[in-house]
Number of protein chains: 2
Amino acid sequence: MAIIVDKDKKRRDIAAASTALLLEKGFKNLTVTEIAKNAGIGKGTVYDYFSNKEEIVFEIIRTFIEEHHNYLLSHTDQETSTKQKVLYLFDFFLSEYKSYEKHQDVYREYVSVSLSTKSKAMLEFNSECSVFIKSILENIIDEGIQKGEIKPIGKRLVDGLIKTERGYMILAWAQGQNLKVEFKDYIDTLFELIEIKK
Amino acid sequence: MAIIVDKDKKRRDIAAASTALLLEKGFKNLTVTEIAKNAGIGKGTVYDYFSNKEEIVFEIIRTFIEEHHNYLLSHTDQETSTKQKVLYLFDFFLSEYKSYEKHQDVYREYVSVSLSTKSKAMLEFNSECSVFIKSILENIIDEGIQKGEIKPIGKRLVDGLIKTERGYMILAWAQGQNLKVEFKDYIDTLFELIEIKK
DNA sequence: TTTTAAATGACCGACAGTCGGTCATTTAAA
DNA sequence: TTTAAATGACCGACTGTCGGTCATTTAAAA
């Protein structure tokens, strides 16, 4: 045997090193040569860890989702209201913090790559992410119903709500507008309809 | 002077000739050389009518939106219920007809190109399309409120509903799933919340 | 010294976009 | 009526770029 590297760690390292570049130049204008140079490795080495350029974006988004999940866990507890939890879940779209705007840009690149890449791996990855987010939102809503904060019909809004947020993020970019306030209004309206008034 | 061709018509002709190819191969795998060959013109000529490959997709989607608008106008009248009108509006996502599945594919390519192209022209075009769709949905909802079919709060769902549909279309593709039934359920749930029961 | 995982960058093919030049048609002077 | 000049449509060979490959090198381990 020769040197054994932690393949998984190196994958993440390369992806991490490329994140800033991706945000700066966008996927289309980012070259693999640059990625390699930036990560301090040869171009061929990139392909020892990723089977194509697209996969790098998927690795980056995976890290972002993990980070966001941790953020979520550390910011919610029994006392937090259902609506507040939902807002936390969508925080990385809603937040005004600069670092979260980065997340949005990465997410946009990810969607763009997803829509132009048709591969089994891509489909599986996207499904995996979706199931994960859905299960979180489902838990939040279920708890809300159990606590008597919202009506049982709220459960039927889970799937759609996730799609709505995606729609807002995508159209915000495609129209060059800031739609955060609008999305917040939409959530407010839905909660007005499903909240149990005391 | 020499021959003067109807530049606008020729643009549309080239776009029309490329539609089938776009659906068959997807934007990424479609070459400008092929487009030219298929339209029966030289590659250089394509660039006399479009400043880049992306613009061809925008021209195609423009035609589709026009067609869909005409369909909508011819299918709604005073007798149609508010919910039915909403369903017609989103018909090209919901319908099971093969020709409408084409529309969805074109729309997906369009979103994909939008998300990876940052140009003033693109932003303006997207805003234009959005305003158009929004005004239609706004009219439908306003009429529904006036007729006493739905509660006034329904007006506040207009913006979000458009985004939800976009989200469904995009995630349906990205996850390789058919989400039509799910979207229909979501609409049903919303209407249950805002409809005035008799 | 041998074995082999890991790394590399020269190389290749594909493709978007450009550009110098041709050709068909119109105009208007002869 | 003829024909030279002008014009804009049209073309495809060419260029530069970039994703991805592979023969070769490096160096740790045995």
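Worth knowing before you read on, the calculation uses all heavy atoms, side chains too, and leaves out hydrogens, waters and symmetry mates. Lettering of chains follows the sequences in order, A, B, ..., and the numbering in each one begins at 1.
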**Intra- and inter-strand pairs of DNA chain C in dot-bracket (Watson-Crick or G-U wobble, both distances under 3.5 Å; | for another strand)** = ||||||||||||||||||||||||||||||
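- A donor-acceptor pair is defined here as one N or O able to donate and one able to accept, closer than 3.5 Å; no such pair exists between the side chain of B/E59 and the backbone of B/R12.
- The nearest whole Å value for the distance from the CD atom in A/E54 to the P atom in D/dC18 is 15 Å.
- Computed from coordinates, the B/K37 NZ to D/dC10 P distance equals 18 Å when rounded to whole Å.
- The main-chain N or O of B/F27 is found under 3.5 Å from a side-chain atom of B/K53 such that the two form a donor-acceptor pair.
- Of the residues listed (A/D188, A/T189, A/D185), the one engaging B/R156 in a side-chain hydrogen bond (donor to acceptor under 3.5 Å, both in side chains) is A/T189, and it is the only one.
- Taking atom CG on B/D13 and atom P on D/dA9, their separation rounds to 15 Å, with Å as the unit.
- Nucleic acid contact for A/L30: sugar-phosphate only, since backbone atoms but no base atoms lie under 4.0 Å from a heavy atom of the residue.
- Between the OH atom of A/Y49 and the P atom of D/dG20 there is a distance of 18 Å, given to the nearest Å.
- The aromatic rings of A/F183 and A/F90 stand perpendicular to each other, their planes meeting at an angle above 60°, with 30° marking the opposite boundary.
- Of the inter-residue distances, the one linking A/I196 atom CD1 with A/K151 atom NZ reads 7.5 Å to the nearest 0.5 angstrom.
- Between the P atom of C/dA5 and the CG atom of A/D6 lies a distance of 17 Å, rounded to the nearest Å.
- The six-membered or imidazole ring of A/H75 lies near that of A/Y71, with a centre-to-centre distance under 6.0 Å.
- Across the protein-nucleic acid pair, A/E34 atom CD and C/dG9 atom C1' stand 17 Å apart, rounded to whole Å.
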**Request:** Mark up nucleotides 21-26 of chain D, 5' to 3', with B wherever a protein heavy atom is under 4.0 angstrom from a base atom, S wherever such an atom reaches only the sugar-phosphate, and - elsewhere.
**Result:** B-----
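- For A/E55 (side chain) and A/S51 (main-chain N/O), a donor-acceptor pair under 3.5 Å exists by modelled atom type.
- Look at NZ on B/K53: it is 17 Å from C1' on C/dT18, rounded to the nearest Å.
- A/K43 places no side-chain N or O within 3.5 Å of a backbone atom of A/E34 that could act as its donor or acceptor partner.
- Looking at the side chain of A/I41, the nearest of the listed nucleotides C/dT8, C/dC15, D/dG20 is C/dT8.
- The side chain of B/K7 places an N or O atom within less than 4.0 Å of a non-bridging phosphate oxygen (OP1 or OP2) of D/dA9.
- At the heavy-atom level, A/F50 lies nowhere under 4.0 Å from the strands shown.
- Note on ring orientation: taking the six-membered ring where Trp is involved, the planes of B/Y168 and B/Y186 are tilted (angle from 30° to 60°).
- Within 4.0 Å (heavy atoms only), B/K10 reaches sugar-phosphate atoms of the nucleic acid but no base atom.
- Atom pair B/D8:CG and D/dA9:P shows a separation of 13 Å (rounding to whole Å applied).
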